Amino acid sequence: MSETPIRPANAAQTASASYRLAALDQDFLLSDAMRGVRFLMEYAKAEQALRAWGVRSTIVVFGSARIGENGDGEHARWYAEARAFGRLASERGGALHGADGQPRDNVIATGGGPGVMGAANRGAAEVGAPSIGFNITLPHEQEPNEWSTPELTFRFHYFAMRKMHLAMRANALVVFPGGFGTFDELFEILTLRQTEKAPPIPIVLFDEAYWRSVIKFDVLIEHGMVAAADLGLFRFAEDAEAIWRTLLASGLEPGQSIE
């Protein structure tokens, strides 16, 4: 006949949630009181990985997740040019550095999803360069594309921290056609530039006809919502090579090319 295990006298104390190590207590870490700590953790985790890879600066590429390689109308062209830009910027910008402690510059960084984002990451991968995917949790889960560097593929809960990481190392911003999400990211950076809360990085909008059809820039000026000089915060380009030339003309400093 087996003996009934003797319950330790302090069993209630050791089983209490308050006795768990704070770092191992998921209920505590996910509590409302720890929101600031979680915010800090999202900053620190990505920061540590980016430093380990020697990423000193990035070129951020925004654009619609709904644009496909074989899409209708202009979609296929937009995808192809985003892919071409990811390739040439990675070759010429300094992303292929990183050996012997040499920093990587102008590394392609996207929102990590499909469409334009996947195209830019794909172009970088095709020349053997690392690229970054800053993914976000959404009600309808976003999956990372297959071309961002696995060790640089991040997932954020907080949009604000994701935006901070997208902006804080950016040497330039390239914006392909997109919808609400793309507009959000574009106007975030434009506002930071307009208010001088961000350095004067070049901003290039791809496909002038698209952008002028969906945003009536001149009407904003007519109504006094922005100054005419504010339209100088960005420029337009029509293909990948033109984007690169425009970035260089606007002050982008490329790293030394790898022979």
Side-chain angles (χ1 to χ4, degrees), residues 23 26 29 38-69 79-174 176 178 181-182 185 240 255 257-258:
Q26 188 175 55
L29 289 175
R38 295 195 300 276
F39 204 71
L40 174 60
M41 290 171 65
E42 289 206 340
Y43 168 77
K45 184 176 181 181
E47 179 72 10
Q48 180 174 299
L50 291 165
R51 289 189 180 189
W53 274 74
V55 177
R56 180 167 61 182
S57 62
T58 62
I59 294 177
V60 175
V61 180
F62 292 140
S64 176
R66 304 183 183 191
I67 291 171
E69 182 176 8
Y79 184 98
E81 293 298 338
R83 181 177 173 184
F85 177 74
R87 188 164 51 242
L88 71 86
S90 296
E91 287 181 315
R92 304 174 191 177
L96 290 168
H97 292 162
D100 301 322
Q102 190 173 19
R104 300 179 191 271
D105 284 310
N106 302 313
V107 176
I108 292 293
T110 77
V116 164
M117 297 172 283
N121 289 128
R122 183 178 182 179
E126 287 170 340
V127 295
S131 69
I132 304 162
F134 290 117
N135 295 267
I136 187 76
T137 54
L138 297 171
H140 303 288
E141 192 64 34
Q142 176 193 313
E143 292 288 334
N145 68 64
E146 64 189 274
W147 294 289
S148 60
T149 300
E151 295 84 357
L152 298 175
T153 299
F154 306 107
R155 183 169 61 162
F156 294 87
H157 175 73
Y158 297 107
F159 264 107
M161 185 50 65
R162 178 190 189 227
K163 287 182 176 182
M164 181 174 174
H165 270 295
L166 280 163
M168 64 184 293
R169 283 181 169 83
N171 267 353
L173 174 66
V174 178
F176 282 78
T182 303
E185 302 291 358
S257 60
I258 302 294

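Keep in mind the model is a prediction, meaning the values are calculated, not measured. Both backbone and side-chain heavy atoms feed into the values below; hydrogens, waters and symmetry mates do not. The residues of the chain are indexed from 1 along the displayed sequence.
- Side-chain contact check for Leu50 versus Arg169: some heavy-atom pair is nearer than 4.5 Å.
- Summarising the geometry of Ala65 relative to Met117, their closest heavy-atom pair is CB-CE, 3.8 Å, with the distance given to 0.1 Å.
- Comment: Glu146 does not engage Arg122 in a salt bridge, judged by the lack of any side-chain N to carboxylate O separation of less than 4.0 angstrom.
- For the pair Arg66 (side chain) and Pro114 (backbone), a donor-acceptor distance under 3.5 Å is absent.
- Side-chain contact annotation: Thr110 with Asn121, donor-acceptor N/O pair under 3.5 Å present.
- Looking only at side-chain heavy atoms (C-beta outward), Thr153 and Phe134 stay at 4.5 Å or farther from each other.
- Between the side chain of Thr149 and the backbone N or O of Ser131 there is at least one donor-acceptor pair closer than 3.5 Å.
- Between the CZ atom of Phe62 and the CG atom of Leu166 there is a distance of 5.0 Å, given to the nearest 0.5 Å.
- The main-chain N or O of Asn106 is found under 3.5 Å from a side-chain atom of Ser57 such that the two form a donor-acceptor pair.
- When all heavy atoms of Phe159 and Leu138 are compared, the closest pair comes out as CZ-CD2, 3.9 Å.
- Note that CE of Met161 and CG of Leu40 are 7.5 Å apart. Values are rounded to the nearest 0.5 Å.
- The main-chain N or O of Val60 is never found under 3.5 Å from a side-chain atom of Thr58 such that the two would form a donor-acceptor pair.
- Within the model, atoms CG of Leu152 and CD1 of Ile132 stand 5.5 Å from one another, a figure rounded to the nearest 0.5 Å.
- Summarising the geometry, atom OG belonging to Ser64 is positioned 12.5 Å from atom OH belonging to Tyr79; distances are rounded to the nearest 0.5 Å.
- Here CD1 of Ile136 is found 9.5 Å from NZ of Lys163. Values are rounded to the nearest 0.5 Å.
- Ring-centre distance between His165 and Phe156: below the 6.0 Å cut-off.
- A donor-acceptor contact shorter than 3.5 Å is absent between the side chain of Arg104 and the backbone of Arg56.
- Crowding of Met168 atom CE: a count of heavy atoms from other residues, nucleotides or ligands under 6.0 Å exceeding 12.
- Atom CH2 of Trp147 and atom CD1 of Ile108 lie 15.0 Å apart (nearest 0.5 Å).
- Contact check on Arg87 versus Glu91 returns no salt bridge, with no Lys/Arg side-chain nitrogen under 4.0 Å from an Asp/Glu carboxylate oxygen.
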Begin from the C-alpha positions of Phe176 and Glu81 and carry the test side chain to side chain contact (heavy atoms under 4.5 Å, CB included) through to its verdict.
CA-CA 9 Å; Phe176 282 78; Glu81 293 298 338; 4.1 Å; yes
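- In this structure a side-chain-to-backbone donor-acceptor pair under 3.5 Å is present from Asn145 to Gly113.
- In this structure, Val174 and Ile59 have side chains that are in contact, with non-hydrogen atoms separated by less than 4.5 Å.
- In summary, Glu42 and Arg155 do not engage in a salt bridge, as defined by a charged side-chain N under 4.0 Å from a carboxylate O.
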